[in-house]
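A quick write-up on the structure given underneath.
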Amino acid sequence: MTKYAAWALAGLMLTTFGNAMASPEMVRKYNCTACHAENKKKYGPTYQQVALKYANEEGVAEKLAKKIQTGGVGVWGNTPMPAQPRVTDEDALEIARYILSVK
Ligand code: HEC
């Protein structure tokens with residue numbers, strides 16, 4: 001019983017820790033950090049600004065995931081965001097969900 005409990009706990013810790021780490025690591029891996037930070041304005045909008053802007057929109061994670069991959073301009077001004085074709089569909093969606101969770 002204690003053995004199972006230990007495994008269950010280890011698994012739980014792994015998933016929790018894994019999820020918490022995944023997305024901030026991804027934005028570094030894909031070099032989004034060159035232009036974005038959680039709450040410090042750089043070349044692009046902060047993740048906090050993005051999260052606030054779309055706080056009440058439905059299905060917005062999917063929309064942002066597409067925008068992350070294809071880039072675009074005009075939502076935040078005249079500075080364009082270049083396409084990020086290296087980002088997989090799965091990663092784009094996970095990053096979008098993470099960005100929307102930034103408070
Ligand atoms: C060369 C600089 C640059 C890089 C690299 C970059 N971005 Fe951006 N990003 C921008 C700019 C500029 C905008 C504003 C575009 C606009 O106004 O439509 C933006 C906008 C966004 C938005 C808001 C989109 C919207 O429609 O509101 C998200 C989300 C985003 N970026 C995520 C990312 C992620 C994730 C990465 C890495 C995979 C990334 N960006 C890499 C410059 C960059």
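First listed ligand is number 1; within each ligand, the first listed atom is number 1. The basis for the numbers below is simple: all heavy atoms, side chains too, and nothing from hydrogens, waters or symmetry mates. Treat the numbers as computed from the prediction; the structure is a model and nothing was measured.
Taking atom 23 (C) of ligand 1 as the reference point, the nearest protein heavy-atom neighbour is Trp76 NE1, 3.6 Å. Among protein heavy atoms, the minimum distance from atom 4 (C) of ligand 1 is reached at Cys35 SG, 3.3 Å. What sits closest to atom 13 (C) of ligand 1 on the protein, heavy atoms only, is Pro45 CD, 3.5 Å. Of all protein heavy atoms, the one lying nearest to atom 38 (C) of ligand 1 is Cys32 SG, 2.7 Å. The protein heavy-atom contact nearest to atom 12 (C) of ligand 1 is Thr79 O, 3.2 Å. In terms of protein heavy-atom proximity, atom 25 (C) of ligand 1 is closest to Tyr54 OH, 3.2 Å. Here the protein heavy atom with the shortest distance to atom 29 (C) of ligand 1 is Ile99 CD1, 3.9 Å.
Within ligand 1, the atoms closer than 4.0 Å to a non-hydrogen atom of Gly74 are 16 (C), 17 (O), 18 (O), numbered from 1 in the order shown. Those atoms of ligand 1 that come under 4.0 Å of a heavy atom in Gly72, given as number and element, are 15 (C), 18 (O). Every atom of ligand 1 is numbered from 1 in the order shown, and the set under 4.0 Å from a heavy atom of Val73 is 16 (C), 18 (O). Residue contact check: Gly77 has heavy atoms under 4.0 Å from atoms 17 (O) of ligand 1. In summary, the atoms of ligand 1 found under 4.0 Å from a heavy atom of Ile95, numbered by their order in the structure, are 35 (C). In summary, the atoms of ligand 1 found under 4.0 Å from a heavy atom of Val87, numbered by their order in the structure, are 38 (C).
When heavy-atom distances to ligand 1 are checked against a 4.0 Å cut-off, Val75 comes that close through both its backbone and its side chain. With a 4.0 Å cut-off on non-hydrogen atoms, Pro82 touches ligand 1 through its side chain and not its backbone.
Atoms CE and OG1, from Met26 and Thr88 in turn, are 7.0 Å apart once rounded to the nearest 0.5 Å. A distance of 8.0 Å separates CD of Glu94 from CD of Glu90, quoted to the nearest 0.5 Å. Interatomic distance, Thr70 OG1 to Met81 CE, rounded to the nearest 0.5 Å: 8.0 Å.
Taking 2.8 Å as the criterion, His36 counts as a coordinating residue of atom 8 (Fe) of ligand 1, since one of its N, O or S atoms falls below it. For residue Gln84, no N/O/S atom approaches atom 8 (Fe) of ligand 1 to within less than 2.8 Å.
In this structure, Pro80 counts as a contact residue of ligand 1, since one of its heavy atoms falls inside 4.0 Å of the ligand.
Under the side-chain contact (heavy atoms from CB on, under 4.5 Å) rule, Arg97 has a single partner from Leu93, Leu100, Ile99, which is Leu93.
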Assess whether side chain to side chain contact (heavy atoms under 4.5 Å, CB included) is satisfied between Ser23 and Tyr47, documenting all intermediate values.
-> CA-CA 12 Å; Ser23 306; Tyr47 294 150; over 6 Å; no
Under the side chain to side chain contact (heavy atoms under 4.5 Å, CB included) rule, what do Tyr30 and Ile68 come out as? Steps first, then yes or no, please.
-> CA-CA 11 Å; Tyr30 287 120; Ile68 289 168; over 6 Å; no
Check the pair Val50, His36 against side chain to side chain contact (heavy atoms under 4.5 Å, CB included), reporting the backbone distance first and the verdict last.
-> CA-CA 11 Å; Val50 175; His36 296 285; 5.9 Å; no
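Nearest heavy-atom pair, Val73 versus Lys67, reported as atom, atom and distance to 0.1 Å: N-NZ, 4.1 Å. Taking both residues in full, the closest heavy atoms of Ala61 and Ala96 are given as O-CB, 3.4 Å, listed atom of the first, atom of the second, then distance.
For Ser101, the side-chain contact (heavy atoms from CB on, under 4.5 Å) criterion is met by Tyr98, not counting sequence neighbours. Every side-chain contact (heavy atoms from CB on, under 4.5 Å) that Lys42 has, sequence neighbours left out, goes to Ala37.
Trp76 and Leu52 sit in two unconnected hydrophobic clusters of ILVMFWY residues. Membership requires side-chain heavy atoms under 4.5 Å apart, directly or through other members.
Counting protein heavy atoms under 4.0 angstrom from atom 32 (C) of ligand 1 gives one or more.
The heavy atom nearest to atom 26 (O) of ligand 1, out of those in Met81, Lys66, Arg28, Lys67, is found in Lys67.
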